[in-house]
Engineer: 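I am attaching a structure below and will ask some questions about it afterwards.
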Protein chains: 2
Amino acid sequence: MTSNSIRQKEIAEKTGYSINTVSLALKGSPRISEETRLKIMECARQLNYIPNVVARSLVQKKTNTIGIILTELMNPILTETAQEIEQLLKQAGYNMMLMITNFSPEQEAEALDVLVSRQVDGIMMYPLVRANFSKIRAMHDQRFPIVLLAGGEYDSPSDAVYMNRQAGAYKAVSHFIQDGHRRIGFIRGAMNDEEKQNGYTSALQDNGIDFDPGLVSIIQGDGYKAGYASVQSLYEKGKATAVLCSKDHIALGAMRWCREQGIRVPEDIAFIGFDDIAASSFADVPLTSVQYDVKSVTKKATELLLKRIEEKEHKVGAPLQKIAIDPKLIIRQS
Amino acid sequence: MTSNSIRQKEIAEKTGYSINTVSLALKGSPRISEETRLKIMECARQLNYIPNVVARSLVQKKTNTIGIILTELMNPILTETAQEIEQLLKQAGYNMMLMITNFSPEQEAEALDVLVSRQVDGIMMYPLVRANFSKIRAMHDQRFPIVLLAGGEYDSPSDAVYMNRQAGAYKAVSHFIQDGHRRIGFIRGAMNDEEKQNGYTSALQDNGIDFDPGLVSIIQGDGYKAGYASVQSLYEKGKATAVLCSKDHIALGAMRWCREQGIRVPEDIAFIGFDDIAASSFADVPLTSVQYDVKSVTKKATELLLKRIEEKEHKVGAPLQKIAIDPKLIIRQS
DNA sequence: TTGTACGCGTTATCAG
DNA sequence: CTGATAACGCGTACAA
């Protein structure tokens, strides 16, 4: 695009060879003699030749671009996810087109369309809701490589790699129960926390504890503030002695409130969060947390996606694959 | 790329019109009759036609893609920067190719090359070091639209939008001095904090305070841990009564150490950080901080970049532009 | 070892 | 209003 943009044509004219020879020489084809190859390479270097990947993509039907669709970036899990994927893809010779949906089903659908029209070789996405599952299923059925980064509870319409959130919640609640807790609260977001709640309720059930809707609090907005504001009702209303929070931020906010009220953690009330963010280990009372293993998820997901792309190139069929990664409970003092 | 990938050719055959007519009809050209336009649109919808943007880009010499180069993503400022830019670009009809350099000059240079070869319409970057300035200058001189997101202190080789870090540090130190502090420490990272140090030293100088190298601590690695570990030496060695930290994380870590030691903030030692991250307002002693106004920076930068792209399309010349945004000092209790 | 001819899917130019 | 025809820059057969 730069004004001095030079193409293979120019270096062909300059060296006296045909465009074809230039093309072959530049990619080091053995069919070109060492001598002319060097001559051409040297000329290309002097003219500062930069290949036009768009043209190459058109003829090769391959862009070496992967689309990434995330609901947001400010969530530390997704921040790390994006960064890890970028690194892994780069190592494999791919680049990344990033799309943020802001939790909007319309933007999610739009992102899928845009990426397809841009001929990306594959898509990784952190899906929002079921809203676009039919679309995703259709793409998968047409053998478009698409890997979801979540999808435990539901019938994934495509390949998926995910942390088993339900198992994580189950582990956390079981840990509370082992410590003697019977009245266990749960603070969760309005969306996307169904799996965690399933783990919460089934752990209660398996231990013969009745589910009390009054011990579940659904919050909105910033986790820290909402945790700070919502824990009071659980503490007073049901006298919960332990609270599972669907995010560490929520737990940290709640613990802040407790400290200000002179309520001791974990003696008076215990907490477990999700995701094991950095701040959790540094909290006044280091927070026990269900770890989200970003590196494992992104690694598996990238491997799976690249495998799908390769399979497609070789027209190999393969069944839908779902990879669940079991979270660890990082036990600290809360 | 999907197996059923259908092109304008198919819908031309299906409807009996020429490829050309199809192309024009699909983009709603007034030169096509309403009737045939509807017929063609309907057919396209039925066949689920999706335009091939790669082919379009090749002929139009425009990809509607912007390259973003960042040193990392885990820094909350950059996380928000990436997210904001994505939103702004999307609104303007562009998509974003994201590259992370991991603070490596080689990766930064590589990223520039890749983006150019991918024919992006422009680049926004958070530059690492001067290592690639000559390359950037060359690109800018060839009228390649490229906007830097930092670049106060040095002679930017290209258009730039940035927070005036030096002014921020100056404000912070002046604030300390107004409060009666004379022994003011500075904890900074090994790289990219020269501007802040310049502001620090010039504020000292302007107030007749001698610069004491012993009061400057250069740290490495995670800010929180490093702040926690490094503040002791400043407190003991020089009995600093106030410390400017080049990041909020550092200040938060340092304040944590103080609390554990029974040192009162701000009575025994005061702190100011940089960037005003969310956690700062929630700290036990809410942290005074030099705010980084991400939204302003990204907005100005995007506007400037898109203007440059337009100018280039219309072959208009324009002088290099540098936009500095003055940071606010968010005064809290620390 | 090298050159010719054609195609990738779309838009742009010019006739009709 | 519509249709040929030629680009865009590169890669791949096939021929020489």
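Numbers restart at 1 for each chain; the letters A, B, ... are given by sequence-line order, proteins then strands. Just so it is clear, the model here is predicted, and its values are computed rather than measured.
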Engineer: Rounding to a whole Å, what distance do you find between A:I50:CD1 and D:dC10:P?
Structural biologist: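 So the two atoms are 11 Å apart, to the nearest Å.
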Engineer: Begin from the C-alpha positions of A:K62 and A:E313 and carry the test salt bridge (Lys or Arg N to Asp or Glu O under 4.0 Å) through to its verdict.
Structural biologist: CA-CA 10 Å; A:K62 170 145 196 193; A:E313 283 165 1; 2.9 Å; yes
Engineer: Measure from CG on A:L26 to C1' on D:dC10 and round the result to the nearest Å.
Structural biologist: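 In whole Å, D:dC10 C1' and A:L26 CG are 11 Å from each other.
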Engineer: Find the bend of the helix from C:dT1-D:dA16 to C:dG16-D:dC1 as the angle between its two terminal axes (five pairs each), to the nearest 10°.
Structural biologist: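 The angle separating the two end axes equals 40°.
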Engineer: Looking only at side-chain N and O atoms, does B:T21 come under 4.0 Å of OP1 or OP2 in D:dG3?
Structural biologist: yes
Engineer: Any donor and acceptor pair, going by atom type alone, linking the side chain of A:Q8 with main-chain N or O of A:V22 inside 3.5 Å?
Structural biologist: no
Engineer: When we call it a touch if two heavy atoms are under 4.0 Å apart, what does B:Q8 touch: a base, just sugar-phosphate, or nothing?
Structural biologist: base
Engineer: With B:R31, which residues qualify under side-chain contact (heavy atoms from CB on, under 4.5 Å), at least two apart?
Structural biologist: B:L24, B:S29
Engineer: With sequence neighbours left out, what residues match B:D293 under side-chain contact (heavy atoms from CB on, under 4.5 Å)?
Structural biologist: B:M163, B:K295, B:S296
Engineer: Please report the distance, rounded to the nearest Å, between CG in A:L58 and P in D:dA7.
Structural biologist: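 Going from CG in A:L58 over to P in D:dA7 covers 17 Å.
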Engineer: Show your working on salt bridge (Lys or Arg N to Asp or Glu O under 4.0 Å) between A:K322 and A:D159 and close with a plain yes or no.
Structural biologist: CA-CA 6 Å; A:K322 293 169 82 166; A:D159 296 313; over 6 Å; no
Engineer: Of A:T21, A:T15, A:N20, which is the lone residue that meets side chain to side chain donor-acceptor pair (under 3.5 Å) with A:S18?
Structural biologist: A:T21
Engineer: In whole angstroms, how far is the C1' atom of D:dG3 from the CD1 atom of B:I11?
Structural biologist: 16 Å
Engineer: Choose from D:dC10, D:dT2, D:dG9 the nucleotide whose nearest atom is closest to any side-chain atom of A:Y49.
Structural biologist: D:dC10
Engineer: Counting only side-chain heavy atoms from C-beta out, which of D:dG3, D:dG9, D:dG11 sits nearest to A:R56?
Structural biologist: D:dG11
Engineer: So which heavy atom on A:L70 is nearest to which on A:L78, and how close?
Structural biologist: CD1-O, 4.0 Å
Engineer: What's A:S18 touching, base or sugar-phosphate or nothing? Going by heavy atoms closer than 4.0 Å.
Structural biologist: base
Engineer: How about A:E35 and A:S33: does a side-chain donor come under 3.5 Å of a side-chain acceptor?
Structural biologist: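 No pair is found: no donor N or O on one side chain lies under 3.5 Å from an acceptor on the other.
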Engineer: Could you give all pairs that pass the salt bridge (Lys or Arg N to Asp or Glu O under 4.0 Å) test and reach residues 14-28 of chain A, with sequence neighbours left out?
Structural biologist: none
Engineer: 5' to 3' on DNA chain C, which nucleotides open and close the contacts with chain A (atom under 4.0 Å from a heavy atom)?
Structural biologist: C:dT1 to C:dG9
Engineer: With side-chain hydrogen bond (donor to acceptor under 3.5 Å, both in side chains) as the criterion, how do B:Q91 and B:Q87 come out once you've worked through the C-alpha distance, each side chain's angles and the decisive distance to 0.1 Å?
Structural biologist: CA-CA 6 Å; B:Q91 285 169 24; B:Q87 300 291 322; 5.2 Å; no
Engineer: Return the polar atom pairs (N/O with N/O) between nucleotides 12-16 of chain D and the protein under 3.5 Å, or none.
Structural biologist:
from	atom 1	to	atom 2	distance (Å)
D:dT12	O4	A:N20	ND2	3.3
D:dA13	N6	A:N20	ND2	2.7
D:dC14	N4	A:R31	NH2	3.4

